[in-house]
Enquirer: 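The structure follows.
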Amino acid sequence: MKPLKIEQNEHKITVTIQRPEAMNAINFDVMEQLELLLDRIEEEETIRALILTGAGEEAFVSGGDLKEFHGIKLAEDAKKMGRRMGTILKRIEKLPCWTIAAINGAAYGGGWEMMLAFDFRIASKHATFSFSQGKFYLPPGWGGLTRLVEKVGRSTALRWLAETAKIDADTALSHKLIDKISESSHLDEEAVSWAGQISKNNRAFIKVLKQGALAFSKSRWKAIEAELKPFGKFWEDEQHEQRVEKFLKRKE
């Protein structure tokens, strides 16, 4: 099975991460396929909306693939991985088309970091959001800390991260972490319908709006980049390695 399923219908393109056996976790293969997809979307002028979702109902994206990434031991290598994924999310955020994250299930760790790079977020009623990085002695490293503070405010963002909180869709909506809730069976349909509603104008128009909305916040890119240094530092810490090993043994 290919890691990404890509379907295009007129001006809309729907992408499904297909790694249900790993709860749709991000690995290097998914990164490579996302990079190729972004190359295509950046060049293809007919695309006005991108929808991203996960395969199945269990998970949207469960974060980075700990089993695969556990082979990374040094801070510089962890930063390299984080920078690569961070660049992917920055490219998504700056696409000259609308982007919608259709959150079909759990968004854990890097999963919620990923969804925050999208313009809009619609979640199924049973979706959950887990700020689980702290369980592995790791701060966010894909730009999630900066984007989370932007969305829900400093106090709530810090509380969720400190508590390694797990929240439901209603709580996420009340804090404006997501924009809409859908019945699980209607999520795909509603995401496509929404994409159609916002895509009546061409990419030149969409690009102007998106660039204008980001123009006031140039310092945020520096803040996002600054997340990489502590991410790398904590990655090579013995506590992080021990906690990941314990988690992987439990999963076995």
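In this chain, numbering begins with 1 at the start of the sequence shown.
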Enquirer: Would you call Ile103 and Phe129 a side-chain contact if the rule is heavy atoms closer than 4.5 Å?
Expert: yes
Enquirer: Return the set of residues passing side-chain hydrogen bond (donor to acceptor under 3.5 Å, both in side chains) with Thr14 (not counting sequence neighbours), or none when no residue passes.
Expert: none
Enquirer: Kindly work out whether a path of hydrophobic side-chain contacts (I/L/V/M/F/W/Y, heavy atoms less than 4.5 Å apart) joins Phe118 to Ile17.
Expert: yes
Enquirer: Which side-chain hydrogen bond (donor to acceptor under 3.5 Å, both in side chains) pairs, counting each pair once, include a residue from residues 37-51, with sequence neighbours left out?
Expert: Gln8-Arg40, Gln8-Glu44, Asp39-Arg91, Arg40-Glu44, Glu42-Arg91
Enquirer: For Ala226 and Pro230, which heavy atoms make the closest approach, and how far apart are they?
Expert: O-CD, 3.2 Å
Enquirer: Tell me, which pairs form a ring-ring contact (aromatic ring centres under 6.0 Å, His included) where one or both residues lie in residues 229-252, sequence neighbours left out?
Expert: Phe136-Phe247, Tyr137-Phe234, Phe231-Trp235, Trp235-His240
Enquirer: Give, for atom CD1 of Ile198 and atom CD1 of Ile206, the distance between the pair rounded to the nearest 0.5 Å.
Expert: 7.5 Å
Enquirer: Where the side chain of Asn104 meets the backbone of Gly54, is there a donor-acceptor pair that is under 3.5 Å apart?
Expert: yes
Enquirer: Restricting to non-hydrogen atoms, name the atom on Lys233 and the atom on Ala75 that form the minimum distance, rounded to 0.1 Å.
Expert: N-CB, 4.2 Å
Enquirer: Report yes if the side chains of Thr16 and Leu4 come closer than 4.5 Å at any heavy-atom pair, otherwise no.
Expert: no
Enquirer: Hydrophobic clustering (ILVMFWY, side-chain heavy atoms < 4.5 Å, transitive) - are Phe28 and Val61 grouped together?
Expert: yes
Enquirer: Could you check whether Lys166 makes a cation-pi contact with Trp112, meaning its NZ or CZ is under 6.0 Å from the centre of the six-membered ring and within 45° of the ring axis?
Expert: no
Enquirer: Could you measure the distance from the CD1 atom of Ile13 to the CD1 atom of Ile47? Nearest 0.5 Å is fine.
Expert: 4.5 Å
Enquirer: Hey, is the main chain of Ala195 close enough, under 3.5 Å, to the side chain of Ser199 for a donor-acceptor pair?
Expert: yes
Enquirer: Measure the NZ-CG distance between Lys90 and Leu214 for me, rounded to the nearest 0.5 Å.
Expert: 10.0 Å
Enquirer: side-chain contact (heavy atoms from CB on, under 4.5 Å) for Ile122 and Ile181? Distances and angles first, verdict last.
Expert: CA-CA 6 Å; Ile122 181 171; Ile181 294 177; over 6 Å; no
Enquirer: Is any NZ, NE, NH1 or NH2 atom of the basic residue among Lys210 and Glu93 found under 4.0 Å from an Asp or Glu carboxylate oxygen of the other?
Expert: no
Enquirer: Look up atom CD1 in Ile178 and atom CD1 in Ile167, then write down how far apart they are to the nearest 0.5 Å.
Expert: 8.0 Å
Enquirer: Lys229: which residues meet the side-chain contact (heavy atoms from CB on, under 4.5 Å) condition with it, sequence neighbours left out?
Expert: none
Enquirer: Any side-chain heavy atom of Met114 within less than 4.5 Å of one from Leu52?
Expert: yes
Enquirer: Would you say that Val15 contacts Ile51 through its side chain, given a criterion of any heavy-atom pair below 4.5 Å between the two side chains?
Expert: no
Enquirer: For Gln242, run the side chain to side chain donor-acceptor pair (under 3.5 Å) check against Lys246, Glu238, Glu245 and tell me which one passes.
Expert: Glu238
Enquirer: Looking only at heavy atoms, which two atoms of Cys97 and Ala49 are closest? And how far apart?
Expert: CB-N, 4.0 Å
Enquirer: Are Val244 and Ile26 linked, directly or through intermediate hydrophobic residues, by side-chain heavy-atom contacts shorter than 4.5 Å (ILVMFWY only)?
Expert: no
Enquirer: Can the ring centroids of Phe60 and Tyr108 be said to lie less than 6.0 angstrom from one another?
Expert: no
Enquirer: So Glu189 and Ser193, side-chain contact (heavy atoms from CB on, under 4.5 Å) or not? Walk me through it.
Expert: CA-CA 6 Å; Glu189 179 184 339; Ser193 175; 5.6 Å; no
Enquirer: Is there a side-chain contact between Ile88 and Trp142 (heavy atoms, below 4.5 Å)?
Expert: no
Enquirer: For residues Leu177 and Leu173, determine if any side-chain heavy atom of one lies less than 4.5 Å from a side-chain heavy atom of the other.
Expert: no
Enquirer: With sequence neighbours left out, which residue pairs that include part of residues 150-163 fulfil the side-chain hydrogen bond (donor to acceptor under 3.5 Å, both in side chains) condition?
Expert: Glu150-Arg220
Enquirer: Roughly how far, to the nearest 0.5 Å, is the CD1 atom of Ile224 from the CD atom of Glu113?
Expert: 10.0 Å
Enquirer: Can a salt bridge be assigned to the pair Glu35 and Arg84 using a cut-off of 4.0 Å between side-chain N and carboxylate O?
Expert: yes
Enquirer: With a 4.5 Å limit on heavy-atom distance, are the side chains of Asp119 and Ile100 in contact?
Expert: no
Enquirer: Are Val30 and Leu36 joined in one hydrophobic group, where the rule is that I, L, V, M, F, W and Y side chains link up if heavy atoms are under 4.5 Å apart?
Expert: no
Enquirer: Can you give me the closest heavy-atom contact between Lys125 and Ala169, atom names plus distance?
Expert: O-CB, 3.8 Å
Enquirer: Go through it in stages, so that I can follow the logic: the residues are Leu161 and Leu145, the test is side-chain contact (heavy atoms from CB on, under 4.5 Å), and I'd like the CA-CA distance, side-chain angles, deciding distance and then a yes or no.
Expert: CA-CA 9 Å; Leu161 290 167; Leu145 180 56; 3.6 Å; yes
Enquirer: Can you see whether Thr146 engages Glu227 through a side-chain donor-acceptor pair at a distance of less than 3.5 angstrom?
Expert: yes
Enquirer: Short question: side chain of Glu236, backbone of Leu74 - any donor-acceptor pair under 3.5 Å?
Expert: no
Enquirer: Nearest heavy-atom pair of Gly109 and Ser132: which atoms, and what distance?
Expert: N-OG, 3.4 Å
Enquirer: Can Asp168 and Thr128 be counted as having a side-chain donor-acceptor contact under 3.5 angstrom?
Expert: no
Enquirer: Main chain of Glu57, side chain of His126: is a donor-acceptor contact present, judged purely on distance under 3.5 Å?
Expert: yes
Enquirer: Per the side-chain hydrogen bond (donor to acceptor under 3.5 Å, both in side chains) rule, what does the pair list look like for residues 61-76, sequence neighbours excluded?
Expert: Arg19-Asp65, Asn27-Glu68, Lys73-Glu241, Glu76-Lys79
Enquirer: Should His186 and Glu190 count as side-chain neighbours, where that means a heavy-atom distance under 4.5 Å?
Expert: yes
Enquirer: Rounded to the nearest 0.5 Å, how far does CG of Asp77 lie from CE of Met81?
Expert: 10.0 Å
Enquirer: Gln133 side chain to Leu138 main-chain N or O, any donor-acceptor pair under 3.5 Å?
Expert: no
Enquirer: Looking at every non-hydrogen atom in both residues, tell me the closest pair between Arg243 and Gly134 and how far apart they are.
Expert: NH1-O, 3.1 Å
Enquirer: Taking it one step at a time, do Met31 and Met85 satisfy side-chain contact (heavy atoms from CB on, under 4.5 Å)?
Expert: CA-CA 7 Å; Met31 285 186 187; Met85 192 62 200; 3.8 Å; yes
